[in-house]
Amino acid sequence: MVEQYSKMKRSSIANIQGILPILVLLNEMVEDNVIQDFAIGGGFATGLHDVPYTTKDIDVFCVFNIKSLLIDLSPIYKYLLSRGAKWEGNDFIVGTWPIEFIPPTNKLSEEALQNAMRVTIKDIPTKLFTPEYLVAIAIDTNRPKDKYKAIDLVSGGKVNLPELENILKKHNLMSRWESLKEREGL
Amino acid sequence: MSEEQIKKLQERKAALREKQRNLSLEEKVQILEDLHEHSIFIKENPIKRIK
């Protein structure tokens with residue numbers, strides 16, 4: 001399997017099929033110094049930890065090469081477009097998958113990136129936000145769809161609750177968590 | 001549908017979710033790909049209203 005995907009390395013991504021070549025691409029972006037590091041969060045990561053469900057895109061949280069206070073995304077644009085990705089709305093389209101490259105927007109997402117778990121999927125290494133950080137971020141963003149994700153992850157038994165509460169306390173999110181627990185009977 | 005039938009459906013749903021929860025990463029990736037392809041198909045082939 002590794003051999004199959006090594007043939008895809010550094011080639012055009014215009015017509016790739018599926019998720020696995022995207023994971024190879026993300027590793028290549030690190031190897032080529034386009035980004036320093038990445039981890040997959042959002043609904044995609046939630047589906048991999050819990051029950052897979054339809055997600056509209058893949059959220060890739062990245063550590064960018066920051067030269068100033070402003071995050072320069074142009075190296076990513078140039079790199080992906082030169083390899084055959086398309087740009088639509090807020091997302092790059094790689095194969096059939098929209099991918100949103102997201103810089104950490106606060107301390108919580110920075111920490112989530114730093115503490116991302118390493119996994120391999122068909123011998124391809126990648127990183128996912130842990131269930132605890134996915135729940136914490138869902139509580140932080142506080143949108144209804146994110147709260148459902150948090151509820152599903154917790155109900156599914158995939159979350160280390162003491163670890164989650166440590167994260168929530170650190171980021172002043174305990175009151176929201178207590179309200180959610182009471183409302184949903186968690 | 002009786003309460004008993006509803007309860008059985010809910011139990012089956014919970015059992016299926018538990019089964020999916022414990023699939024391997026590779027199997028979950030396959031499901032995510034299948035769901036994604038299906039959503040593209042639905043988008044490109046909208047269901048027409050029956051008048």
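Throughout, protein chains are lettered first and strands after them, A, B, ... in sequence-line order, and every chain is numbered starting at 1.
- In the hydrophobic cluster analysis, where Ile, Leu, Val, Met, Phe, Trp and Tyr join through side-chain heavy atoms closer than 4.5 angstrom, A:Phe92 is grouped together with A:Val34.
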Across chain A and chain B, going purely by atom type as modelled, what donor-acceptor pairs are there at a distance under 3.5 Å?
| unit_1 | atom_1 | unit_2 | atom_2 | d |
| --- | --- | --- | --- | --- |
| B:Arg21 | NE | A:Asp50 | OD1 | 2.7 |
| B:Glu26 | OE2 | A:Lys122 | N | 2.9 |
| B:Lys28 | NZ | A:Leu48 | O | 3.0 |
| B:Lys28 | NZ | A:His49 | O | 3.3 |
| B:Lys28 | NZ | A:Asp50 | O | 2.9 |
| B:Glu33 | OE2 | A:Ile19 | N | 2.6 |
| B:His36 | NE2 | A:Thr96 | O | 2.8 |
| B:His36 | NE2 | A:Thr96 | OG1 | 3.4 |

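- Here B:Leu9 is tied into one hydrophobic group with B:Met1, B:Ile6, each link being a pair of ILVMFWY side chains closer than 4.5 Å.
- Counting side-chain heavy-atom gaps under 4.5 Å among Ile, Leu, Val, Met, Phe, Trp and Tyr, the cluster of B:Leu35 also holds B:Leu23, B:Ile31.
- For the salt bridge (Lys or Arg N to Asp or Glu O under 4.0 Å) condition, no pair includes a residue of residues 12-22 of chain A, sequence neighbours left out.
- Both the backbone and the side chain of B:Leu25 come within contact range of chain A, each with at least one heavy atom under 4.5 Å from a heavy atom of that chain.
- The two atoms that bring B:Leu32 and A:Ile19 nearest to each other are CB-CD1, 4.1 Å, heavy atoms only.
- A:Ile40 and A:Val24 fall within a single hydrophobic cluster, where Ile, Leu, Val, Met, Phe, Trp and Tyr are joined by side-chain heavy atoms under 4.5 Å apart, directly or via other members.
- Residues A:Val135 and A:Phe61 share a hydrophobic cluster, clusters being chains of Ile/Leu/Val/Met/Phe/Trp/Tyr side chains in contact below 4.5 Å.
- Cluster annotation: A:Leu80 and A:Ile22 are assigned to the same hydrophobic cluster (Ile/Leu/Val/Met/Phe/Trp/Tyr, side-chain heavy-atom contacts under 4.5 Å, transitive).
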